[in-house]
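As structure tokens, the structure follows; a few thoughts come after it.
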Amino acid sequence: MSADTLFDFLPEYRLIGCKKCRHAVMPDEVPRHLLKKHKLRGPNVREQIKDQILDKWPTVRTTIAEFTMPTGPIPQIPQLELENDKYRCTVCEDPATAFLSSNLGEIQKHWNSQHRATFSPGSHGGVREAGVSTKAERYAGGCVKIFRQRFFASKDQSNYVEVIPMQDPDSAESAEVVQEQEKKSDEERTMLEYNKAVAESVQMSGDGDPEPNDWLIHTKWPKVIGRRDHNQLRRLLRHPP
């Protein structure tokens, strides 16, 4: 048993990754990791593997303080486990600190409490799109399901980072995943720009009634909102449900 049968080297990050556990391990933690996670008996054998790592990959980082977590999204790291179980709020300005949840209902609560969101997920101005059926599709206007990885399983630097999944040339499914993510990103930007434009385009006349400008007339939205109670619309804009 040797170091390269148990571990991979991540040259870009100067870390070693356990092939079985699919996360990084610091060299000093290797003996304990082999005992606790792989039940490898024999302290001399474990220490030998640690020494092999330092000899085989002399540029490996030896302390976690030397490692700085990259800011996502970054290309997928094939030696680490890939997860796809979280939605990221796309209304938050910084993707690195954006709200994450595996529950779409929690995403909606976040919009209401943190952003005072005035649009309905997956709809235009509160009017549901025809053909939109699943809950995930209805929420596509303000969140996206992301791929993420983490370098370490616990303690320092165990936070997740968003990644762009690898496109396997032999896998059409991988290509479709990438294309779908790019499409969702374009749709999210369009939706956010649309809602901002609507909010900036509504001008109030002297009597307090909404008066559409040329942009709203061009979009034909007055035909949609003109039949609705304007006082109720204003209340919903100020205090969304």
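Remember, it's a predicted structure, so these values are computed and weren't measured experimentally.
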Under a 4.5 Å cut-off applied to non-hydrogen side-chain atoms, are [X] and [Y] in contact?
X: Ile107; Y: Phe99; answer: yes
X: Ile16; Y: Val30; answer: yes
X: Met26; Y: Leu15; answer: yes
X: Leu35; Y: Leu40; answer: no
X: Ile164; Y: Phe147; answer: no
X: Ser158; Y: His23; answer: no
X: Arg148; Y: Pro73; answer: no

Counting N and O atoms only, with roles assigned by atom type, does the side chain of [X] sit under 3.5 Å from a partner on the main chain of [Y], one being a donor and the other an acceptor?
X: Lys56; Y: Asp51; value: no
X: Asn84; Y: Ile146; value: yes
X: Arg150; Y: Ala153; value: yes
X: Arg22; Y: Pro78; value: yes
X: Arg14; Y: Thr59; value: yes

Which pair of heavy atoms, one from [X] and one from [Y], lies closest together, and at what distance?
X: Ala98; Y: Cys89; value: CB-O, 3.5 Å
X: Ser101; Y: Glu106; value: OG-CB, 3.4 Å
X: Pro27; Y: Lys50; value: O-CG, 3.6 Å
X: Ser2; Y: Gln52; value: CA-OE1, 3.3 Å
X: Asn159; Y: Met69; value: O-CE, 3.3 Å
X: Val25; Y: Phe152; value: N-CE2, 4.2 Å

- prompt: Angle class for the His33/Phe7 ring planes (parallel below 30°, perpendicular above 60°, tilted otherwise)?
  reply: tilted

message: Run Tyr87 and Val144 through side-chain contact (heavy atoms from CB on, under 4.5 Å) and show every step you take.
response: CA-CA 5 Å; Tyr87 293 90; Val144 60; over 6 Å; no

Cation over ring face, Arg61 and Phe67, 6.0 Å, 45°: no

- prompt: Should we say atom NZ of Lys37 is surrounded by more than 12 heavy atoms from elsewhere, each under 6.0 Å from it?
  reply: no

message: Do Asn44 and Gln48 pair up side chain to side chain, a donor and an acceptor below 3.5 Å, judged on atom types alone?
response: no

message: So, taking the atom named SG in Cys143 and the one named CD in Gln108, what distance separates them when rounded to the nearest 0.5 Å?
response: 9.5 Å

- request: Please lay out, stage by stage, how Leu54 and Thr62 fare under the test side-chain contact (heavy atoms from CB on, under 4.5 Å).
  value: CA-CA 9 Å; Leu54 296 174; Thr62 55; 4.3 Å; yes

query: Where do Tyr160 and Gln149 land on the side chain to side chain donor-acceptor pair (under 3.5 Å) test, with the steps shown first?
result: CA-CA 5 Å; Tyr160 285 90; Gln149 293 181 298; over 6 Å; no

message: Could you go through Leu34 and Ile49, starting from their C-alpha distance and side-chain angles, then the distance that decides it, and tell me whether this counts as side-chain contact (heavy atoms from CB on, under 4.5 Å)?
response: CA-CA 9 Å; Leu34 294 175; Ile49 292 174; 3.8 Å; yes

- request: Salt-bridge test for Lys145 and Asp85: reply yes if a basic N is under 4.0 Å from a carboxylate O, no otherwise.
  value: no

